[in-house]
Amino acid sequence: MPQHIIEGHSNCIWSLAHLGTDGIIMSTSQDSSIRQWKRDGEPVGKPLNSKGGGITSMAVSPDERMAICGSVDGRLRLWNIKEGSMIGDPWEGHNATVMCLDWSRNSLEIASGSEDGTIRRWNPDTGRQIAPVIQTSHGWVHAIKYSPQGDKFISGGTDNAIRVWSRKGRLLIEIKGHDHAVSSLCWSKDGAHIFSGSDDATIRKWRAIDGQELVVLRGHTHSVLSLCLTPDESYIVSGSYDCFIRIWDLKTNQAVGDPLLHDDRLFAVAMSRDGKYIASAGLDKKIYVWSLEAALKRVVGADDGDVKLKERLTQPRVVRQSIVRSLIFSRMFR
């Protein structure tokens with residue numbers, strides 16, 4: 001069971017972030033708001049409201065003073081987290097939904113990926129693009145991540161491929177292996193390995209230097225839409241459209257503990273800085289807060305989880321019209 005269930009959004013939650021060591025969770029939603037919460041569910045400050053429609057992606061600056069958010073209107077908006085105010089005007093460039101964002105570790109760049117198939121890079125101080133637009137060949141760009149060293153970045157999308165780009169935007173490697181769209185990405189701290197989650201329901205580990213596939217993790221039954229590593233990189237946590245969170249031991253490459261069950265489809269997971277808590281959210285408009293320690297000890301039995309999973313997947317679901325149907329149906333109902 002989750003330690004806390006946080007309610008307040010009026011529509012599905014697309015992205016999450018943990019801030020600092022105080023247990024603050026930040027969330028963005030299709031209801032056009034950005035909210036902050038204490039771990040027990042108490043709201044922190046007032047909601048920040050965007051005029052660009054649903055907020056589909058978010059990245060927090062390394063110093064955690066600012067957040068950049070992308071919306072269905074194709075614009076990016078920069079926010080001062082402490083003051084709760086938008087900084088300047090929206091950034092324009094994409095002509096379709098901004099599906100993913102990342103902030104470089106040196107704070108000097110923001111990268112955005114969109115339904116329009118492009119990656120754009122921005123100066124956080126000016127809101128201007130700082131490099132030529134990258135036509136990715138992905139189709140829709142679902143995921144983008146800077147390497148920890150800042151010398152390259154990776155992207156994934158609907159063409160099933162992962163692409164590794166130099167800081168100057170030159171394609172270095174194209175990695176193929178997934179059978180369906182690449183929906184989520186993360187790096188190991190040393191930049192040696194890439195982890196990817198896909199609509200083919202697998203998580204894969206790749207050698208970054210040459211794209212060699214090293215490990216395939218199987219267990220989910222639907223799209224793996226979000227990944228996060230524990231700080232010590234002992235485990236990787238995955239959130240899936242099958243309504244489950246799974247925790248994987250990276251030494252044994254096996255799932256550990258019993259899967260954590262959500263009330264509805266999952267879009268985002270985030271790990272606290274101290275590695276003690278997992279936050280998760282999705283279609284049911286709620287944020288669940290889980291203890292990692294408790295989850296690792298929670299071994300009820302795989303049969304019970306399989307029964308719950310089968311029941312959930314056979315239940316009819318009604319998706320509200322106000323949700324970005326193109327995102328849901330294109331990414332999840334394959």
Side-chain angles (χ1 to χ4, degrees), residues 1-50 54-60 64 67 69-71 79 81 84 100-101 183-184 186 197 223-230 236-247 257 259-295 298 312 317 319-320 322-324 327-328 332:
M1 293 291 291
Q3 285 199 343
H4 303 285
I5 298 178
I6 302 172
E7 299 187 56
H9 281 293
S10 61
N11 212 322
C12 70
I13 298 168
W14 290 114
S15 55
L16 293 171
H18 267 105
L19 303 180
T21 57
D22 298 328
I24 302 299
I25 299 166
M26 180 174 268
S27 56
T28 72
S29 168
Q30 185 61 25
D31 66 13
S32 304
S33 75
I34 307 162
R35 296 174 183 248
Q36 294 183 67
W37 319 84
K38 292 183 180 179
R39 193 176 291 135
D40 62 5
E42 180 183 345
V44 177
K46 296 181 180 180
L48 310 180
N49 293 302
S50 169
I55 303 174
T56 49
S57 51
M58 170 178 61
V60 177
E64 299 186 344
C69 295
S71 299
W79 299 85
I81 295 175
C100 52
L101 290 164
S183 301
S184 48
C186 66
S223 305
V224 180
L225 299 179
S226 188
L227 296 171
C228 60
L229 285 161
T230 57
I236 190 167
V237 179
S238 56
S240 170
Y241 203 63
D242 64 13
C243 308
F244 283 109
I245 300 164
R246 292 180 181 264
I247 303 168
L260 307 177
L261 178 63
H262 246 258
D263 281 344
D264 214 323
R265 312 299 191 176
L266 269 162
F267 295 157
V269 292
M271 178 67 60
S272 63
R273 185 182 292 180
D274 60 12
K276 294 182 179 180
Y277 298 97
I278 303 163
S280 58
L283 198 58
D284 65 1
K285 304 173 284 189
K286 303 172 185 175
I287 301 168
Y288 289 32
V289 180
W290 312 83
S291 162
L292 177 61
E293 182 180 7
R298 184 179 177 271
R312 182 164 299 282
R317 301 230 164 244
V319 180
R320 292 174 57 179
S322 57
I323 294 176
V324 185
L327 284 173
I328 293 176
M332 293 54 154

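Remember, it's a predicted structure, so these values are computed and weren't measured experimentally. Sequential numbering from 1 along the given sequence is applied to the chain's residues.
- For Tyr288 and His262, the gap between ring centers is short of 6.0 Å.
- Counting non-hydrogen atoms of other residues, nucleotides and ligands closer than 6.0 Å to CD of Gln3 gives a total above 12.
- The main-chain N or O of Tyr241 is found under 3.5 Å from a side-chain atom of Arg265 such that the two form a donor-acceptor pair.
- Note that CG of Asp242 and OG of Ser223 are 9.0 Å apart. Values are rounded to the nearest 0.5 Å.
- The minimum heavy-atom distance linking Ile278 with His18 is given by the pair C-CE1, 4.4 Å.
- Panel note: side chain Ser29, backbone Ser32; no donor-acceptor pair is recorded below 3.5 Å.
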Take Cys69 and Ile34, measure what side-chain contact (heavy atoms from CB on, under 4.5 Å) needs, and give me the verdict at the end.
CA-CA 9 Å; Cys69 295; Ile34 307 162; 3.5 Å; yes

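- Trp14 and Ser57 share no side-chain donor-acceptor pair at under 3.5 Å.
- With rounding to the nearest 0.5 Å, the separation of CG in Asn11 from CD1 in Ile55 is 11.5 Å.
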Could you give me the CA-CA distance, side-chain angles and deciding distance for Ser226 and Phe267, then say whether side-chain contact (heavy atoms from CB on, under 4.5 Å) is met?
CA-CA 6 Å; Ser226 188; Phe267 295 157; over 6 Å; no

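- No hydrogens or angles considered: a donor-acceptor pair under 3.5 Å links the side chains of His9 and Asp31.
- Considering OG of Ser15 and CG of Leu225, their distance stands at 12.5 Å, rounded to 0.5 Å.
- Heavy atoms only, all atoms of each residue included: Ile247 and Ala295 are closest at CD1-CB, 3.6 Å.
- Contact record, Trp79 with Asn49: CH2-O, 3.5 Å, taken as the closest heavy-atom pair.
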Residue pair Tyr277, Met271: steps toward the side-chain contact (heavy atoms from CB on, under 4.5 Å) verdict
CA-CA 6 Å; Tyr277 298 97; Met271 178 67 60; over 6 Å; no

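- Heavy-atom minimum distance, Met26 versus Ala67: SD-CB, 4.1 Å.
- Interatomic distance, Ile6 CD1 to Glu42 CD, rounded to the nearest 0.5 Å: 10.5 Å.
- Of the possible donor and acceptor atoms, none in the side chain of Gln36 sits under 3.5 Å from a partner among the backbone N and O of Gly45.
- How far CD1 of Ile236 is from OG1 of Thr230: 9.0 Å, rounded to the nearest 0.5 Å.
- Counting only distance, with no hydrogens or angles, the side chain of Ser272 and the backbone of Lys276 share a donor-acceptor pair below 3.5 Å.
- Checking side-chain atoms of Ser184 against main-chain N and O of Val224 turns up a donor-acceptor pair under 3.5 Å.
- The two residues Ala279 and Ile287 come nearest to each other via the heavy atoms CB-CG2, 4.3 Å.
- Screening Ile24, Leu48, Leu19 for a side-chain contact (heavy atoms from CB on, under 4.5 Å) with Ile81, the sole residue that qualifies is Leu19.
- Looking at Cys243 and Leu266, their side chains never come closer than 4.5 Å, going by heavy atoms from C-beta outward.
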Apply the test side-chain contact (heavy atoms from CB on, under 4.5 Å) to residues His4 and Lys38: give CA-CA distance (whole Å), side-chain angles for both, the deciding distance (0.1 Å), then the verdict.
CA-CA 10 Å; His4 303 285; Lys38 292 183 180 179; over 6 Å; no

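- Nearest heavy-atom pair across Cys228 and Val269 is SG-CG2, 3.9 Å.
- If you take CD1 on Ile13 and CG on Leu283, they are separated by 10.0 Å, rounding to the nearest 0.5 Å.
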